[in-house]
2 protein chains.
Amino acid sequence: MSKITIQQIADLAGVNKATVSRVINRSANISEKTREKVEAIMKEHNYVPNSIARGLAFNKTFTVGFYSDYTDKRAYANPFFYKVLQGIEEIVYNNDHMFLMMSDHVNKKSSSTFENVVSQHRVDGLIIPNTLLTEQNYDLLIKHNMPYVVTGENMLPKEGVPWVDIDNVQAGQVLTEHLIELGCRNIMIYAGGEAVARDKFLADRLKGYTEMMKRNQLDISVIEHADVLKTLNLAKKSEKSERTGITGTRPDALICCTHEQLFEILDWERGNPMLSELALATFDNFPMSKYMTHPVHFVDIDLEMMGKQAAQMLFSLMNKETDVPKSISIHTRIGN
Amino acid sequence: MSKITIQQIADLAGVNKATVSRVINRSANISEKTREKVEAIMKEHNYVPNSIARGLAFNKTFTVGFYSDYTDKRAYANPFFYKVLQGIEEIVYNNDHMFLMMSDHVNKKSSSTFENVVSQHRVDGLIIPNTLLTEQNYDLLIKHNMPYVVTGENMLPKEGVPWVDIDNVQAGQVLTEHLIELGCRNIMIYAGGEAVARDKFLADRLKGYTEMMKRNQLDISVIEHADVLKTLNLAKKSEKSERTGITGTRPDALICCTHEQLFEILDWERGNPMLSELALATFDNFPMSKYMTHPVHFVDIDLEMMGKQAAQMLFSLMNKETDVPKSISIHTRIGN
DNA sequence: ATGAAAGCGCTAACAC
DNA sequence: GTGTTAGCGCTTTCAT
């Protein structure tokens with residue numbers, strides 16, 4: 001049932017299936033009369049061209065892929081990551097394509113989903129997070145001539161990798177500026193060490209903070225992973241003993257570069273209510289803020305926009321448009 | 001490049017492409033010698049059969065669809081909903097299928113993604129949340145003979161709709177039992193009114209609560225939407241004035257049937273610290289619990305299992321297995 | 001056990 | 001403007 005083919009429509013309309021194909025594809029050289037007749041028959045029978053067969057003939061799939069990483073807490077496990085998907089899907093559907101999700105997974109035959117999708121040409125193009133763009137995956141994409149766009153700034157030492165990301169430098173600036181406007185003067189940032197060297201987005205957020213602090217002639221205070229709690233205790237002590245400690249000034253704000261860091265602080269804070277005078281701030285949307293013991297300032301990141309831009313860029317590449325920007329940075333603003 | 005076809009492999013191996021097809025499909029009637037030769041050539045050239053062409057011949061797509069609803073806060077926007085996806089994908093990939101996501105969306109041509117996917121046979125089967133299984137969608141699935149499984153108990157007045165859901169009655173029991181074990185005796189539940197009549201899962205949770213309370217010979221106290229805050233104030237007053245109010249006993253626990261209800265209470269609670277003696281409880285995972293002013297008890301719902309079961313069931317249906325259960329209810333346990 | 005050829009549903013030359 | 005025909009890459013009779 002409902003297995004109606006182009007041939008049957010053609011027979012019903014008393015024309016050749018090529019003619020039907022022409023009206024489907026809005027080809028020129030069709031008389032108004034036959035077009036209308038064929039269209040009427042198609043509508044009457046709820047005929048929908050089989051996109052698999054269409055794909056085989058066109059050598060296209062009308063499908064866009066998205067490669068996701070369940071283990072990337074910064075992305076997929078983030079409650080609001082689905083916003084990115086929403087943005088992508090909107091664009092994908094408006095371009096009459098389908099949306100194929102694939103997560104990092106290796107099946108019995110030791111072939112990864114990603115590899116299969118790319119080598120079988122199951123999609124016409126795909127969006128891939130920077131964390132998953134390994135040298136190997138990159139090579140695969142190039143080898144199969146598969147259009148792609150990276151979400152998150154490209155970290156691979158390759159030229160011409162198209163990416164879309166949040167402008168993390170600007171985010172760092174905005175957040176710092178917000179705290180300054182709130183009256184904070186001794187703003188610390190929890191970032192540094194190897195993490196900053198490894199993750200560009202951390203370095204960028206730090207950079208934004210640093211720039212804004214300098215612009216306001218305030219002292220920069222970066223604390224590193226292992227030392228953060230000690231540092232805070234020290235600062236507290238130093239205030240108690242009337243400036244006899246190492247740190248002369250008492251911090252009044254702390255920027256956490258990731259939610260993980262924020263939670264670390266929050267965990268510690270529960271046992272140390274004295275921390276409550278410290279203004280906490282973080283990146284990424286943090287709508288739970290109002291329910292917390294301690295309000296948290298944050299920059300609102302427009303993930304939906306990020307998804308839209310990535311998809312838009314991908315379609316531009318798939319359509320071989322010229323003047324496609326190599327990368328896009330998205331600005332942020334203070335949340336709530 | 002990399003556009004290697006079955007014909008080329010055949011040529012390379014000096015056999016007919018039908019022979020290659022036979023080794024691909026593990027068909028019998030193949031000499032060990034030629035099988036090995038062909039397999040070697042395939043491996044050497046990283047040959048992967050084009051699944052589009054394969055699909056056309058088989059009239060299959062090797063793809064499973066998932067219809068999601070961005071507007072359903074209970075599901076998609078739930079931070080932990082991705083667990084369901086993870087479960088589904090695991091099964092899907094292990095069965096060498098792909099995973100097509102579609103959200104509720106209508107494009108310019110006023111055709112919905114769902115409609116397109118089903119009528120074009122873009123997937124071999126699909127998983128659909130009960131909130132999206134409308135009469136119209138149901139008819140479409142039946143008309144196109146498309147295998148499907150519903151997540152969440154089927155609400156449509158149709159026979160034989162296969163579904164997988166959390167056992168909400170059992171969840172209500174478990175949560176209530178937990179509070180009782182904690183020493184609570186006057187446990188209220190925020191549920192009732194039209195919402196319960198509309199949503200089966202609410203009714204089931206209420207039922208579980210009711211049963212467990214009766215089993216322990218405790219008084220049942222159901223508060224309805226609009227009255228909840230008043231009721232709580234009243235109870236508080238009644239305690240203050242030494243049992244002169246309407247409610248003779250002071251509630252010591254409150255079960256919220258949804259996160260929305262919980263947040264409503266939490267919002268109110270911020271301005272009413274007197275509520276802090278009340279044990280709060282809710283359904284669905286609530287990992288933010290430890291960071292809240294007020295700890296929240298909850299039942300841990302194994303969403304990944306739900307996804308796995310749904311996908312498993314779908315494959316059973318697609319394979320036309322006999323003895324496929326009509327529905328599956330998944331038990332829960334207290335979280336953290 | 002293997003080859004030849006038809007066909008899955010559609011598109012795209014090429015004729016007329 | 002419309003019909004004919006040859007593919008797209010693979011599976012599956014039907015021969016041999």
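We name chains A, B, ... by the order of the sequence lines, and we start the count at 1 in each one. Source: prediction; values computed, not measured.
- Within the 4.0 Å cut-off from OP1 or OP2 of D:dG9, not a single side-chain nitrogen or oxygen of B:Y47 is found.
- You'll find that the side chain of A:T19 is closest to D:dT2, out of C:dC8, C:dT11, D:dT2.
- Listed nucleotides D:dT4, D:dC10, D:dC8 differ in distance to A:L56; the shortest reach to its side chain belongs to D:dC8.
- Dashed line: the shortest gap from a side-chain N or O of B:R54 to OP1 or OP2 of D:dT11 is under 4.0 Å.
- As rounded to whole Å, 13 Å separates atom P of C:dG9 from atom CD1 of A:I24.
- Here the nucleotide nearest the side chain of B:T34, chosen from D:dC10, C:dT2, C:dC14, is C:dT2.
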What's the verdict on side-chain contact (heavy atoms from CB on, under 4.5 Å) for A:F66 and B:M101, showing C-alpha distance, side-chain angles and the deciding distance?
CA-CA 10 Å; A:F66 179 79; B:M101 286 251 317; over 6 Å; no

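- Nearest nucleotide to the side chain of B:P49, out of C:dC10, D:dC10, D:dT12: D:dC10.
- Among the protein residues, A:N59 comes within range of no part of the nucleic acid, since none of its heavy atoms lies under 4.0 Å from any strand.
- Comparing C:dA13, C:dG9, D:dC10 against the side chain of B:K17 picks out D:dC10 as the nearest.
- Atoms CD (B:Q8) and P (D:dC8) sit 11 Å apart, rounded to a whole Å.
- Taking atom CD1 of residue A:I9 and atom P of nucleotide C:dT11, one finds them 13 Å apart after rounding to whole Å.
- Contact annotation: B:N16 reaches the phosphate of C:dA4 (side-chain N/O to OP1 or OP2, under 4.0 Å).
- Distance CZ (A:F58) to C1' (C:dA12): 9 Å, rounded to an integer number of Å.
- We find the CG-CG distance between B:L133 and B:L141 to be 6.5 Å, quoted to the nearest 0.5 Å.
- An OP1 or OP2 oxygen of C:dA1 is reached within less than 4.0 angstrom by no side-chain nitrogen or oxygen of B:S31.
- Within the 4.0 angstrom heavy-atom criterion, only backbone atoms of the sugar-phosphate kind lie near A:T5; the bases stay farther away.
- Going from atom CD1 of B:I6 over to atom C1' of D:dG7 covers 16 Å, rounded to whole Å.
- In this structure, CD of A:Q7 is placed 13 Å from P of C:dT11, rounded to the nearest angstrom.
- For the side chain to side chain contact (heavy atoms under 4.5 Å, CB included) criterion with B:I328, the lone passing option out of B:M306, B:M313, B:M305 is B:M313.
- Side-chain proximity of A:R22 to C:dC10, D:dT11, C:dA13: nearest is C:dA13.
- In the displayed structure, B:E159 atom CD is contacted under 6.0 Å by at most 12 heavy atoms of other residues, nucleotides or ligands.
- Heavy atoms from other residues, nucleotides or ligands lying under 6.0 Å from CD of A:Q7 number more than 12.
- Using a 4.0 Å heavy-atom cutoff across all strands shown, A:V15 reaches sugar-phosphate atoms only and no base atom.
- Taking atom CG of B:N25 as the reference point, atom C1' of D:dC10 lies 9 Å away to the nearest angstrom.
- Between B:E32 and B:A53, the residue whose closest nucleotide on DNA chain C is further toward the 5' end is B:E32.
- For A:R35 against D:dG1, a side-chain-to-base donor-acceptor contact under 3.5 Å is absent.
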Given side-chain contact (heavy atoms from CB on, under 4.5 Å), test B:M318 with B:V64 step by step and report yes or no.
CA-CA 10 Å; B:M318 280 163 37; B:V64 164; 4.3 Å; yes

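- Atom CZ of A:F62 is separated from atom C1' of D:dC8 by 13 Å (rounded to the nearest Å).
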